[in-house]
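Down below is the structure, laid out as structure tokens.
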Amino acid sequence: MKEDFLKYQAQTTPHPLGLQISHAKGSYIYDQEGMAHLDFVAGVSACSLGHCHPKVVEAVRTQSEKYMHVMVYGEYVQQPAVDYTKLLASHLPKNLETTYLVNSGTEAIEGAIKLARRFTGRTQIISAHKAYHGNTMGSLSLMGYEERKSAFRPLIPDISFIQFNEPKDLGKITEKTAAVVLETIQGGAGFIMPQNDYLYKVRKRCNEVGALLILDEIQPGFGRTGKLFSFEHFNCVPDILVIGKGMAAGLPVGAFVSSKKIMDSLQESPKLGHITTFGGNPVIAAASLATLKEITESQLIEQTLQKEKLFRSRLVHPLINEIRGKGLMLALVLKNKEIANYLVLTAAKQRLILFWLLFEPKAVRISPPLTISEEEIVEGCDQIISILDAFKPTAVN
Ligand SMILES: Cc1ncc(COP(=O)(O)O)c(C=O)c1O
């Protein structure tokens with residue numbers, strides 16, 4: 001299977017991890033030999049309820065037996081998408097009442113940029129250095145990391161950058177700015193938290209100049225940081241909220257959410273301001289609905305903060321400089337990138353799944369399913385500590 005994988009399926013690195021999957025359940029992925037791998041990554045924060053959560057599987061099964069796809073986005077009234085968007089609105093501040101469902105995080109970012117330009121009639125979009133918002137051309141234009149995007153230029157024009165957490169840069173947000181797009185917690189940069197009321201200050205500046213604030217909650221959203229959405233920690237409500245990843249517990253989805261007034265500007269001049277064949281797909285919407293109900297009706301969100309404490313108390317080691325992030329979105333920052341690589345690769349051999357962060361080579365991500373048990377956390381952390389104990393600089397490669 002691996003040979004065919006390398007030959008027929010497109011690759012994005014010369015050295016894929018290449019684990020050969022049989023099935024997955026709860027916090028474990030099983031390989032073709034039937035060995036269990038403890039998953040501390042959760043499909044890069046997407047498997048919010050672990051693998052194959054029974055309520056999500058049941059929702060998918062029930063809906064796919066009724067109908068799977070009937071019409072492009074927004075033409076027909078379909079119960080799963082209506083129920084989902086209504087329930088989501090009940091958990092959000094009043095201005096975030098209307099949801100546009102799409103197929104991925106990056107498409108949701110594209111939709112949010114278009115909406116901001118269309119609504120304000122302005123063109124400038126401001127993003128942050130070391131930001132990651134996805135990989136299509138618009139999202140890539142917002143990426144604050146030249147090395148990963150220069151090969152794809154020219155990208156979309158009129159994008160400017162500010163330093164995340166730097167109040168001095170707020171003056172760059174002006175009457176020309178359509179929107180400021182920020183990750184609520186910077187992910188690829190190494191799980192950088194906003195400091196000193198930074199998001200509140202950005203919100204205030206946007207209000208002063210009439211720019212929209214777009215918050216990308218694709219990674220921290222859906223309970224991962226101890227609130228349903230992480231902006232709830234920071235006294236700052238966006239004009240457009242962008243979500244995805246953990247939203248459907250492992251199925252492809254994204255959405256952007258705004259006020260009806262702002263969202264309605266996609267209906268005219270031109271009409272069909274954003275269209276997409278599979279956005280709002282009923283099977284995915286049913287999975288999203290089951291996921292949101294499970295996250296909000298269980299104790300998972302509160303437990304996230306207890307689980308964070310457990311991780312922090314167990315992951316103490318001279319080779320770990322600090323642990324960044326919040327809840328179950330944690331970055332182990334090691335002494336150097338050699339140790340980070342050694343940890344991810346050695347853990348993989350020992351059937352513990354860890355992964356890198358995009359722009360911070362010293363960091364290793366820990367973003368397990370919200371459903372992970374305390375025993376599983378202890379098991380994985382003990383493994384990490386013993387791997388670090390065994391580290392010798394020459395052990396690399
Ligand atoms: C903060 C953030 N924004 C956007 C995206 C893009 O989402 P997707 O990969 O679903 O297009 C990601 C994915 O990693 C992300 O972490």
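Each ligand, and each atom within it, is numbered from 1 in the order the structure gives.
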For ligand 1, note which part of Ile218 has a heavy atom under 4.0 Å away: side chain, backbone, both or neither. side chain

Which protein heavy atom lies closest to atom 11 (O) of ligand 1, and at what distance to 0.1 Å? Thr106 N, 2.8 Å

Please output the side-chain donor-acceptor pairs of residues 41-62 that fall under 3.5 Å, not counting sequence neighbours, one pair per line with the distance.
residue, atom, partner, partner atom, Å
Ser45, OG, Gln219, OE1, 2.7
Ser45, OG, Arg365, NH1, 3.4
Ser48, OG, Gly246, O, 2.7
His51, NE2, Asp39, OD2, 2.7
His53, ND1, Lys55, N, 3.1
Lys55, NZ, Glu294, OE1, 2.9
Glu58, OE1, Arg61, NH1, 2.9
Glu58, OE2, Thr62, OG1, 3.1
Thr62, OG1, Glu58, O, 2.8

Verify the cluster assignment for Leu388 and Val333: are they in a single hydrophobic cluster under the rule of side-chain heavy atoms below 4.5 Å apart? no

Measuring from non-hydrogen atoms of Asp216 to any atom of ligand 1, is the shortest distance under 4.0 Å? yes

heavy-atom search around atom 12 (C) of ligand 1 in the protein gives Tyr132 CE2, 3.6 Å

Given side chains that start at C-beta, do those of Leu292 and Leu88 come closer than 4.5 Å, heavy atoms only? yes

Atom 14 (O) of ligand 1 touched by protein heavy atom at under 4.0 Å: yes

What is the ring orientation for Phe256 with Tyr100, classed by angle as parallel under 30°, tilted 30 to 60°, or perpendicular over 60°? parallel

Which part of Glu183 is near ligand 1, with near meaning a heavy atom under 4.0 Å away: side chain, backbone, both or neither? side chain

Just distances here: any N/O of Lys245 and N/O of ligand 1 closer than 3.5 Å? yes

Protein contact of atom 6 (C) of ligand 1 - nearest heavy atom, named by residue and atom, plus distance: Gly134 CA, 3.6 Å

Answer yes or no: is there a side-chain heavy-atom contact under 4.5 Å between Gln79 and Leu289? no

Using the six-membered ring wherever Trp is involved, compare the ring planes of Phe222 and Phe229 and label them parallel, tilted or perpendicular (cut-offs 30° and 60°). perpendicular

Protein heavy atom at shortest distance from atom 8 (P) of ligand 1: Gly105 N, 3.6 Å

Name all residues meeting the salt bridge (charged side-chain N to carboxylate O under 4.0 Å, His left out) criterion together with Lys130; count only those two or more places apart in sequence or in a different chain, and write none if there are none. none

